[in-house]
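So the structure is just underneath, and the comments pick up after that.
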Amino acid sequence: MNSEGSGSRNSESVYEAVIGLEIHAQLLTGTKLFCGCSTRFGGGDNEHTCPVCLGLPGALPILNRRAIELAIRAGVALRCDINQESVFSRKNYFYPDLPKGYQISQYDRPICSNGQVRFFVDEKEILVRLTRAHLEEDAGKSTHDGDGTFVNLNRSCVPLLEIVSAPEIASAAQAAEYARMVRLILLFSEVCDGNLEEGSLRCDCNVSIRRKGASTLGTRVELKNINSFRFIEKAIDFEIQRQIDVVDGGGQIIQETRLYDSDKNRTVSMRTKEEAHDYRYFPDPDLLPVRISPLWIEEIKRLLPELPLERIERFCSQYQLARHEACMLVQTRDLANFFEEVAKNSGNPKAAANWIMGELVGTLNENKLNISQSPVSAQHLAELIQQINTGKISGKIGKMVFEEMVRTSRSPNLIIKEKGLVQVLDESQISIWIDEVVAQNPDQVVQYRAGREKVYGFFVGQIMKLSHGQASPELTNKLLIARLKKP
Amino acid sequence: MEIHQCRIDNLRRLIVNREVSAEEVCRSFIDRISDKDKDINAFITVNERAVEVARSLDSRIASGQADLEAPLLGIPVALKDLICTRGLKTTAASKVLCNYIPPYSATIVNKIEAAGGVILGKTNLDEFAMGSSTETSWYGPTKNPINHLYVPGGSSGGSAAAVAAGLSPCAIGTDTGGSIRQPASFCGVVGIKPTYGRVSRYGIIAFASSLDQAGTIAANVSDAATLLQVISGFDSLDSTSCKKKVPNFASEISADVKGLTIGLPKEYFVDGIDAEIRNKLEVTIESLRHQGVEFKEVSLPSVEYAIGVYYIIATSEASSNLARYDGVRFGLRSEEARNINDLYCLSRDQGFGREVKRRIMLGTFALSSGYYDAYYLQACKVRRLLQNEFLEAFKHCDVLLSPVTAQPPFKLGEKLSDPLSMYLSDIYTISTNLAGLPGMSVPAGKNSLGLPIGVQLTGPHFDEQRLFNVARAIELIGGGV
């Protein structure tokens, strides 16, 4: 259990926050959890439906095996125990977008138990344990209009994995980082596309406070459907402070569900416990218990792609990168893969990291492109770095070449050749340029010798102009200093 | 012999040989329905397209395109109106679905049609299959064809009455706690509920998912077997259907019961059984004994709890299965509704009958927080005990013989004010559903009022063949052909 402080404005706070997150991830199956309808986003209203996901009389569910596979894969990636036998249960309640009047979910025998997620907040490693992860079908979508409500059941029966953390997240910042890491893990294991805005990833937060050091939990409040990581942090921060204010004012926290209003940066009550449902869970008699063989679990473990934290740690050790550099490069699989290709082919991981995180990402962001749309290929960037490494061109020239590469997507070697940008390392040639500049600027020579050091930059500028930027900066400095010392 | 008195295999042969057309056959049943059903009310819907279907079957037979081996070629089949038929109104005998036309057909309907069967119409039932008399139907009660003052039994009363009155050669019913066997017994016809999982439930409006099974009702054992074979078999659309191979039930029937052992559960043979029913049972036992059957007493101690277990499990599952009738996407929607709460409450209040509401409330209570362990969970455990007792009994015998009901058919209206008394009449049939075993009702004569009496056979899982065999022997005792 972490003992980091809460998000309270009062740093000497008497209270600590206890936070748990429930993340719902839509699994990347092609078809729904209990029928063959497509899970593709969009489509005409109620286009992707059939008797099963419409809950028509007489329809029966049939389990999608791929959903089990992805759930196992997610469970393995989240370090859960995969239960070899699990059961689907009915969660009964009435709502127009829940066609059967019950949701097929898992209750006392979920597919995954325990688990843990490691992540970093301000360079400090945090570990949050998971309670469980279970499969359930999604409901449809209700759209409220002035006149009434429209129900679209395209989303009904889409497979969700509900990932439940233990109530041991200690701050809003931690909660946001935890959610980010869970998303990254799901992305890297190719289980979910992690789109918070579109709703393929949804996050509910349970927030409570208690006096520091207390062993019992305070009354918890549920914050629902927050659709960005930034808002997760802001919503939780607000809620913690709200709860502290209530308790400090002598009041009691009501157990309820609240929604986050991002415009006003506050949480608003949605429903209280008195209206809470009794879901009357019981095992679904239309479905058999799910039996998973240890062999299948082993196979999935074996084929699991490298996970984000492992990749970050490998980048640090293999490429000697700082943690924050590695974290930035592991934001997506594509970016991490791009970096590795550049690092390996250029032989200079540090330079690769700098170029990517500096020039390249800046350029991509300006043009609203992602790494897979980069006009500069990994191969070409590696070549550019090599050219600078071997001293063929200077760093400054390199930047010019890069700009040309962005514009034309051409190879740096070609650009350098064409424009004759190869760095001049010939000392006698540099000396000729130096002599010419010195001869043409006698006043500045006098000024320099009189002690005005700033004039030095003027000479360098003139030499660069004369040499079209190709004079090696190091050699230029060495020879210029020596020349200016001579009478 | 009239068309409506023929066995299915004979009728089929006449059609194949073109001595009679499928259309003629179909018309003759439709005419009989027009003539007689106003007094019986066995049908909710007669299929207006039936004759057309029969006619096109005839032209395929004539042109050589028809599969002449199809087991139900040209045979009309009536379906309990709990079974979805694409394009044909399916109501569950409830006001809630009085305007519902399914966009798909149940798997068993597709199988019947693929076998050449002609869907004749949808028969009456207790609303949502909840009842033992067909009196809770939104479409009014069905009368027992033998005596119109009496109930035909339920919930598959319409199917049993249709066959008994010669309005259809055969029919499909469903059985959750005896709803095929009891009406078959009351109407003097054969009815079989197969092993749970033998027949697909896809497209059959669910009452209690772990108990429901579709089965067949016919005038004789052979026809019941023929129809059961057609509807049986694994269905990938039903996760609870079983992959076990389906035997050729009809052709493998053998009435040679010499050497069989039949178990008599001692808990079933207690005081309170109607004397004439007991007498018919004893006559059957003696006749079978003469044919070389050995009888043994077996014990099923937990049947004492069977009614309680059944009415907890069945109503719990039903309370959940019937939640979808909310007026949102199909079915009755109250016009007075002004908000979502109204929509649910008014539509369901106006749409469901009293017995359905009673069971939904019972089931909701049994599953609710604080009661789940004491009721639902406990009932499931006792159910397992009961099943184990049956399995143990079958180590000592091949089939069980028992009454179907303790009392003969009752009069319309007699039990409506006493639901509990109605529930207790299921006492001999529900254990079979709880244990998932196949069960069959065979006619065994009539009582002094002329009302039919049946006897019940219960077999081990997937041993329907054995039931058909013993049933055939009993049928022959009764002078069947």
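Please read these numbers as outputs of a predicted model, since none were measured by experiment.
- Both the backbone and the side chain of A:Phe94 come within contact range of chain B, with heavy atoms under 4.5 Å apart.
- Note: A:Asp278 CG to B:Leu367 CG = 9.0 Å, rounded to the nearest 0.5 Å.
- Chain A forms more heavy-atom pairs under 4.5 Å with one residue of B:Leu97, B:Ile340, B:Thr364 than with any other, namely B:Thr364.
- Here the side chains of B:Arg324 and A:Tyr102 are in contact, with some heavy-atom distance below 4.5 Å.
- Dense packing is recorded around CZ of B:Phe330, with more than 12 heavy atoms of other residues, nucleotides or ligands lying under 6.0 Å away.
- For chain B, the option among A:Asp286, A:Leu63, A:Leu54 with the highest count of heavy-atom pairs below 4.5 Å is A:Asp286.
- For the set A:Ala59, A:Gly55, A:Pro61, A:Cys50, the entry with the most heavy-atom pairs within less than 4.5 Å of chain B is A:Gly55.
- When the shell of 6.0 Å around CH2 of B:Trp138 is examined, it contains 12 or fewer heavy atoms from other residues, nucleotides or ligands.
- Between chain A and the options B:Asn339, B:Ile83, B:Ile204, heavy-atom pairs under 4.5 Å are most frequent for B:Ile204.
- For B:Asn321, the parts lying near chain A are the backbone and the side chain together; criterion is any non-hydrogen pair under 4.5 Å.
- Only the side chain of A:Asn92 comes within less than 4.5 Å of a heavy atom in chain B; its backbone stays farther off.
- A 6.0 Å sphere centred on CZ of B:Arg358 holds more than 12 heavy atoms belonging to other residues, nucleotides or ligands.
- Note on B:Cys380, B:Ser210, B:Ser369: by heavy-atom pairs under 4.5 Å with chain A, the leading option is B:Ser369.
- For B:Tyr371, no part lies under 4.5 angstrom from a heavy atom of chain A.
- Few gaps surround NZ on B:Lys95; more than 12 heavy atoms of other groups in view lie less than 6.0 Å from it.
- For B:Tyr202, the parts lying near chain A are the backbone and the side chain together; criterion is any non-hydrogen pair under 4.5 Å.
- Most heavy-atom pairs under 4.5 Å with chain B: of the set A:Gly101, A:Cys35, A:Pro96, this distinction falls to A:Pro96.
- Heavy-atom pairs under 4.5 Å with chain A peak, among B:Gly327, B:Ser209, B:Pro102, B:Ala106, at B:Ser209.
- Side-chain contact between B:Leu237 and A:Ile62 is present, with heavy atoms from C-beta onward closer than 4.5 Å.
- Counting heavy-atom neighbours within 6.0 Å of A:Glu85 CD, excluding the residue itself, gives a total above 12.
- Residue A:Tyr281 touches chain B through its backbone alone, counting heavy-atom pairs closer than 4.5 Å.
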Applying side chain to side chain donor-acceptor pair (under 3.5 Å), run through A:Arg90 and B:Ser320 and close with a yes or a no.
CA-CA 8 Å; A:Arg90 293 189 186 179; B:Ser320 180; 2.9 Å; yes
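- When every heavy atom of A:Pro285 is checked against every heavy atom of B:Arg201, the shortest pair comes out as O-NH2, 4.3 Å.
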Verdict with reasoning, B:Arg329 to A:Leu153, per side chain to side chain contact (heavy atoms under 4.5 Å, CB included)
CA-CA 11 Å; B:Arg329 288 149 295 125; A:Leu153 295 173; 3.8 Å; yes
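- Shortest non-hydrogen contact noted between A:Tyr95 and B:Tyr344 is C-OH, 2.9 Å.
- Using a 4.5 Å heavy-atom threshold, the side chains of B:Tyr100 and A:Pro57 count as touching.
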Apply side chain to side chain contact (heavy atoms under 4.5 Å, CB included) to A:Phe282 and B:Glu317, showing your working.
CA-CA 9 Å; A:Phe282 70 103; B:Glu317 292 178 7; 4.1 Å; yes
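- Within a 6.0 Å sphere centred on OH of A:Tyr107, other residues, nucleotides and ligands contribute 12 heavy atoms or fewer.
- Considering CG of A:Leu56 and OG1 of B:Thr90, their distance stands at 11.5 Å, rounded to 0.5 Å.
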